[in-house]
Amino acid sequence: MTPEFKQLIASRLTLVRFYQGLFTITKFCFLIIFAYLCGKYAFYNTEIWQLIVGLSSLFIIFLMNTIITWIFVHAFRLNVIAKEFNRPIFNLEERQ
């Protein structure tokens, strides 16, 4: 980690750190629910439906991070200041 990045992370407010943790928990819960539903419906269907469920689940998991990030940015008025391992790092939006 560069010193600038460490300073950027350390300078965030406690509220933003709370939103960051809420984002992580939300994404984890969606992933668990989605994995359960895909597993439930994939094993009770024919082979073609298993393929469709599998391919659509890959597509949805790929988009899930982007969709949840967009929701958090607009709902809590946050900015994405950096990305670390495709995980957004938030900060409060500056008001004018």
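- Hydrophobic clustering (side-chain heavy atoms under 4.5 Å, transitive across Ile, Leu, Val, Met, Phe, Trp, Tyr) groups Phe23 together with Met64.
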Begin with the C-alpha distance, continue with both residues' side-chain angles, and end with the deciding distance and a verdict on side chain to side chain contact (heavy atoms under 4.5 Å, CB included) for Ile32 and Phe28. CA-CA 6 Å; Ile32 293 294; Phe28 181 72; 3.8 Å; yes

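- Contacts classified as side chain to side chain donor-acceptor pair (under 3.5 Å) and involving residues 15-24 (residues at least two apart or in different chains) are given here: Arg12-Gln20.
- Taking Ile61 as the reference, Leu31, Phe34 meet the side chain to side chain contact (heavy atoms under 4.5 Å, CB included) condition, with sequence neighbours excluded.
- Asn91 CG to Leu15 CG: the interatomic distance, rounded to the nearest 0.5 Å, is 10.5 Å.
- Hydrophobic clustering of Ile, Leu, Val, Met, Phe, Trp and Tyr side chains at less than 4.5 Å, counting indirect connections, unites Ile60 with Phe30.
- Here the CD1-CG distance, from Ile81 to Leu92, works out to 10.0 Å after rounding to the nearest 0.5 Å.
- When the side chains of ILVMFWY residues are joined at heavy-atom separations under 4.5 Å, either directly or via intervening members, Ile67 and Ile25 end up in two distinct hydrophobic clusters.
- Residue pairs satisfying the side chain to side chain donor-acceptor pair (under 3.5 Å) criterion with at least one member in residues 25-37, sequence neighbours excluded, are listed as follows: Lys27-Asn65.
- The CG atom of Leu63 sits 11.5 Å away from atom OG1 of Thr69, with the distance rounded to the nearest 0.5 Å.
- Phe18 is connected to Phe76 through a chain of hydrophobic side-chain contacts under 4.5 Å among Ile, Leu, Val, Met, Phe, Trp and Tyr, so both are in one cluster.
- The hydrophobic clustering, which links ILVMFWY residues whose side-chain heavy atoms are closer than 4.5 Å, places Val80 and Leu78 together.
- From Leu22, atom CG reaches atom CD1 of Ile68 across 10.5 Å, with rounding to the nearest 0.5 Å.
- Relative orientation of the Phe90 and Phe72 rings is parallel, given thresholds of 30° and 60° on the angle between their planes.
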